[in-house]
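We name chains A, B, ... by the order of the sequence lines, and we start the count at 1 in each one.
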Amino acid sequence: MPVHVLLEGTGPQIPAHLTRIPISLITTSTDVTDKIVKGKVVHKGPLVPLNNDSFILKMVIQEEDSMLNSSSQNSSVNVVLFGSLAKNFSQSANQGVLRPVLPNPRSPPANERRSPVSAELSSAKAPKYTYAKLDSLKAGSVVNVYGVVVFFKQPFKSRGTDFCSSLKITDHSNEKIGCTIFCEKLEDHPKIFRNGDIVRMHRVKAQVFNKSITLVNTFGFSVVTFDGVKGAPVEPRTSSRSFHFDPDDQRTVEELRSWAASQALFASVTSTVPLSAVQPKAYFDLTCQLLAKAPVDTTCTLLRVWDGTRCPHTLLKVIVEPHVTEGQLSFSKERENLIADVLVYDNHVEVARKLKPGVFLRIYNLRAIAGSSTVPGLTRSQLQVDHLAFHLHGGTSYGRGIGILPDNSPDVQELKRVIEAFQENDEEALSELNDSDLLEVWRTPPESLDGETLDCSTERSCSHDMQKVTLSEVKRSGLGRVHHVRAQLKAYEPHRLHEALKLYCSKCKSMQDVPDDELLESIFSEASKDCGPCSPPPWVLSGQVSLPRHAPGPSNRALTVYLLTQLMFEGKTKDVILLMGSTLEEMCQLMASYQNIIPVRASGGHLSLFDLSAPFLFRGRKRYYGSEITLGIQPLQFILLMKLELQDATDTLDVFLWRHAESFFGVSAEDASANQEAQNSICQIMDSLCPPGGNVGQHPWLDLCLMAYQAEDDDGQTKTCYQVCHTTVVKPSSE
DNA sequence: GATTAGGATTCG
């Protein structure tokens, strides 16, 4: 291949099929087939002879256009030349010479692989776009424009056939021009995420409306959007497969950024606020992740979202039917405290319908409203006065709407960091558990499960950037805490869900089994012997209740109860009772009439709690266990714990699922302890991931994130254990 | 080569 030195305006023609791309857009994944770059040789290395009579030479070329400004962009690229090309280059080129770099002749033909972004032909003959200043628009003309966004609405459905985007832009002329974009496809609309973003529009028509010029898209319309932050990478946001971008564009974007930064363009618009800084009554934009959603009625949908920060105000919680919820049904208490229930109305319901849990959103012009709102659906307590509710009212005023943020946006990257930090901290609470407990024998033989068939798989939700490895590589790698694997589930233990449920004490880091009803019955029976006369403390009043008529049992006997004096005065006689001398069954019957029941017995003439091997509190179907600490009871937490045997082509590996079990199944352990629907959900998932009696080779493949850690077994031997983390079961969509 | 909308909160 000959080397030609180009002098400006002369020299050999660049072949027409070659396209120039800016150096800043080159990444290791860029398809450089038929692409050229143009730049000055800023470094020319020596011609280095290789031992096979060949040569090698390194140089650095820099795009001249970008040398004019102080951009932080990569405008230079290292180039290694081989063989005669290196030799010819060494002889004919000098440092400081502008030259084209021709593509690698061994690259595959252009039609074999297409990069998602390829630039339009940008040789000397290509049409050069000209951009109209916003103060020079003439009615009826079709122009190309650049502008800084000072107002925008997310695309909304028009009454016609298209979605409509409404925006206002400005430029150095300070003229503010409204733009209306009609496109049938959402992806063709400008990808604007915040005021200050920079748009470049081709083929928009200037028209007069209300004595002002507005711009409307016309045939051949295209738009590219850039982040407006000074110094940020100039990355075009567009769904166009082909678009023009040259160093002039780069410069225009950077000039507009600098100019906008010096202007007070958007002093009055709503700004992005984290949940931790939300003020009641305020309108704000919320950048968040969608965790779950559920329709409330035809005009309202609940979006359960979080941004990893804690709102200082108590958040209103909306109850919806579990079977209409999409996404995780319940969360750990710590996570629940960070979740905002957002009610979206009217036109936003349709947009919300298309959102998938896990997606990152910006909700524009959200309203925080304090007070005992009468929200649709039931609230979790009758007393949610001053709890903060979030409403996205109907309409599109003030840009009200929901926008999906792409995973690579800087805002999402930041959000992921905050969320991961929370999850790591959440793990800390459980991390000091005595690991020998985990290694205890799993006694239960497998049993077959009935249930609907689902086709589940799993996906990672972590943001670790790493290659997948095989199970044998995981076993061999002594170092490194996190591994990504793809494997099948060969077996798991225990098969009985109630054996996977454990009680965990965050104070003493111990784990224990959940007592079964047989054990509880014997505890109640034993305690009922201690129900003789006792002198109750002054804060309770004693009384008697009869069991419901239809109740089976020896007779309709009356049971001794104690009511809290304070609650009596407040008329809340059904909120909580202390119950003495009942059987477990009788107590369960009384649950129909009382929200909370605390079983008590008479011990030495005094009212006392049961032994803490029984629940200290019954609430509906939920039972609360505790352990004794110096000044009272430390509540125990339900956790889920399973051992999974993974298999791939190279090996098998035992891993635990517990710290991330709740997000894995999309069910909280507490719900799994009491809620049949939650229990069914877990059983169906396990049945799908590891069908009983099936051939392991036909089990679904699972993408998993594994964390390795050291644990001591009973003999004090250190061994490496693995846990599934940051992994979620994917169920087939019900749509 | 038609039509849509044409910024401008607040029912829930």
Output all residues satisfying side chain to side chain donor-acceptor pair (under 3.5 Å) with S165(A), sequence neighbours left out; order by chain, then residue number.
H189(A)
Could you report the tightest heavy-atom contact between Q154(A) and I402(A), atom names first, then the distance?
CG-O, 3.8 Å
Can Y398(A) be called stacked on dA8(B) when the rule is centres closer than 5.5 Å and an angle between planes below 30°?
no
Does the structure show Y283(A) stacking with dT9(B), if we require the centres to be closer than 5.5 Å and the planes to be within less than 30 degrees of parallel?
yes
First encountered from the 5' end of DNA chain B, between S166(A) and T161(A)
T161(A)
In whole angstroms, how far is the P atom of dG7(B) from the CD1 atom of I177(A)?
13 Å
How many Å lie between CG on L392(A) and P on dC11(B), as a whole number?
13 Å
List in chain and number order the residues that pass ring pair (Phe, Tyr, Trp, His ring centres under 6.0 Å) with H172(A), two or more places apart in sequence or in another chain; answer none if no residue qualifies.
W259(A)
At under 4.0 Å, does any side-chain N or O of R159(A) touch on OP1 or OP2 of dA5(B)?
yes
Taken to the nearest whole Å, CZ/R203(A) to C1'/dG1(B) is 15 Å
Applying a 4.0 Å non-hydrogen cut-off, can you work out what K281(A) is touching in the nucleic acid: base, sugar-phosphate, or nothing?
nothing
Take the protein atom CG of N217(A) and the nucleotide atom C1' of dA2(B), then report the distance between them rounded to whole Å.
14 Å
Quick one: sort the F390(A) and F284(A) rings into parallel, tilted or perpendicular, breaks at 30° and 60°.
perpendicular
What is the nucleic acid contact for T299(A), judged by heavy atoms within less than 4.0 Å: base, sugar-phosphate only, or nothing?
base
Using whole Å, report how far OH of Y364(A) lies from P of dT10(B).
20 Å
dA8(B), OP1 or OP2 - any side-chain N/O from S397(A) closer than 4.0 Å?
yes
Using a heavy-atom cut-off of 4.0 Å across all strands, would you classify R400(A) as base, sugar-phosphate, or nothing?
base
Determine the interatomic distance between C1' on dT10(B) and the same-named atom on dG6(B); round to the nearest Å.
22 Å
N347(A) CG to dT9(B) C1', in whole Å, measures 13 Å
Can you list the stems that include DNA chain B, where a stem is three or more consecutive Watson-Crick or G-U pairs with distances under 3.5 Å?
none
Establish whether the base of dG12(B) is bridged to the side chain of D346(A) by a donor-acceptor pair shorter than 3.5 Å.
yes
With sequence neighbours excluded, what pairs up with E350(A) under the side chain to side chain donor-acceptor pair (under 3.5 Å) test?
none
Under 4.0 angstrom, heavy atoms only, what part of the nucleic acid is D162(A) near: base, sugar-phosphate, or nothing?
base
dG1(B) versus dA5(B) - spacing of their P atoms, nearest Å:
23 Å
Applying the 5.5 Å / 30° rule, does F182(A) stack onto the base of dT4(B)?
yes
How are the rings of F226(A) and Y146(A) set relative to one another: parallel (under 30°), tilted (30 to 60°) or perpendicular (over 60°)?
parallel
Look at all strands and tell whether G394(A) reaches a base, only sugar-phosphate, or nothing, counting heavy atoms closer than 4.0 Å.
base
Please name all residues satisfying side chain to side chain donor-acceptor pair (under 3.5 Å) with T396(A), sequence neighbours left out, ordered by chain then number.
K153(A)
Distance check needed: dG7(B) P versus F209(A) CZ, whole Å only.
6 Å
Whole angstrom value for the distance that separates C1' of dT9(B) from CG of N365(A)
6 Å
Please classify the nucleic acid contact of Q207(A) as base, sugar-phosphate, or nothing, using heavy-atom distances under 4.0 Å.
base
Base of dG7(B) paired with side chain of K168(A) (donor-acceptor, under 3.5 Å):
yes
Is the shortest distance from a Lys or Arg side-chain nitrogen in R257(A) or D227(A) to a carboxylate oxygen in the other one below 4.0 Å?
no
Among the candidates dA8(B), dA5(B), dG12(B), find the nucleotide nearest to the side-chain atoms of K153(A).
dA8(B)
Would you please name every residue forming a side chain to side chain donor-acceptor pair (under 3.5 Å) with R310(A), sequence neighbours left out?
none
